[in-house]
Amino acid sequence: MYTQLVEAPEGGIGEARSAEQAIFDDKIDRSITIEPSDWMPDAYRKTLLRQISQHAHSEIVGMLPEGNWISRAPSLERKLILMAKVQDEAGHGLYLYSAAETLGTPRDEMTEALLSGRAKYSSIFNYPTLTWADVGTIGWLVDGAAIINQIPLTRCSYGPYARALVRVCKEESFHQRQGFDIVSTLAHGSPEQHAMAQDALNRWWWPSVMMFGPPDSESQHNETSMRWKIKLFSNDDLRQKFVDQTVPQAEALGLTIPDPDLRYDESTGHYAFGTPDWQEFYDVVKGNGPCNRDRLRARREAYDDGAWVRDAALAHAEKRAARATSDAA
Ligand SMILES: [Fe+2]
Ligand SMILES: [Fe+2]
């Protein structure tokens with residue numbers, strides 16, 4: 001619909017486009033949401049599509065590290081909670097694919113981009129979950145980081161994305177609480193359990209700090225995305241918020257954050273912290289993390305295993321369409 005609008009041959013394309021651009025800019029300035037039927041610049045559509053589809057892929061791939069523990073959760077209650085959480089993540093993926101589809105790209109295309117390895121998803125999900133404490137730590141840190149990242153986005157400029165994130169954030173809060181509860185139980189348990197919680201924190205801390213993306217000085221998308229209100233805070237600002245929020249929680253758990261440079265800076269009112277290993281981050285993003293290949297293999301297998309469902313749904317839809325045609329004739 002949008003392509004037809006800007007390529008309409010009559011009426012002076014340049015003038016029409018700049019009038020539409022002015023309306024778009026005005027809406028952004030006044031924080032009026034952009035809706036799927038509104039005119040929007042190509043680059044805005046493209047950037048949003050990249051952001052929302054990456055977010056959707058992250059929710060779907062993010063089911064794998066924790067799904068790995070459903071059969072081994074230590075009690076029936078923990079198993080039920082974990083299953084509910086993993087199912088929530090599937091739901092988040094579906095809301096977000098739907099939001100992305102309103103920008104004109106079919107879900108099949110996004111799925112294909114993920115399975116072929118072209119599309120990116122959050123680098124954090126390429127790390128393994130070695131113990132039960134990892135499941136708690138993911139909920140505590142990774143879902144905690146997701147909340148910090150996503151709450152501002154409920155006010156982002158694109159309506160379908162902003163609205164999808166309202167419900168996503170409510171569910172992420174439950175995820176964070178269940179993770180903290182697991183870590184708290186272990187941290188206050190036997191010396192072996194405490195050591196297990198500390199070990200998980202040691203392995204997940206830096207990947208969590210890196211979840212907010214590269215430093216502002218190296219991030220290509222920050223400035224434009226902020227002007228368009230697709231992003232409301234910079235990577236470094238969100239990262240600082242995460243550290244400030246999480247350090248007191250670790251202290252309450254009696255756990256030590258593995259950063260010798262971490263200290264409270266009275267002059268700024270924030271925690272100062274060390275520099276993550278950005279080389280590791282870029283390696284994981286490029287596909288060389290500990291589990292990148294496993295994750296894609298698992299998604300491809302799931303896609304292939306689901307072929308019969310897609311075939312059956314298609315056959316059913318074709319049958320209904322044929323019946324409707326013969327009824328109309
Ligand atoms: Fe989620
Ligand atoms: Fe979550």
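One-based numbering, in listed order, for ligands and for the atoms of each. None of the values given here were measured: they were computed from a predicted structure.
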Pairing residues for Asp29 by the salt bridge (Lys or Arg N to Asp or Glu O under 4.0 Å) criterion, not counting sequence neighbours: none
Residues clustered with Leu130, ILVMFWY side-chain links under 4.5 angstrom: none
Taking everything shown except Arg300 itself, do over 12 heavy atoms lie less than 6.0 Å from its CZ? yes
Student check: side-chain heavy atoms of Thr246 and Trp140 closer than 4.5 Å: yes
The number of protein N, O or S atoms lying under 2.8 Å from the Fe ion (ligand 2) is 4
So salt bridge (charged side-chain N to carboxylate O under 4.0 Å, His left out) across residues 125-134, not counting sequence neighbours, yields Asp134-Arg203
Is Lys85 salt-bridged to Asp88, cutoff N-O under 4.0 Å? no
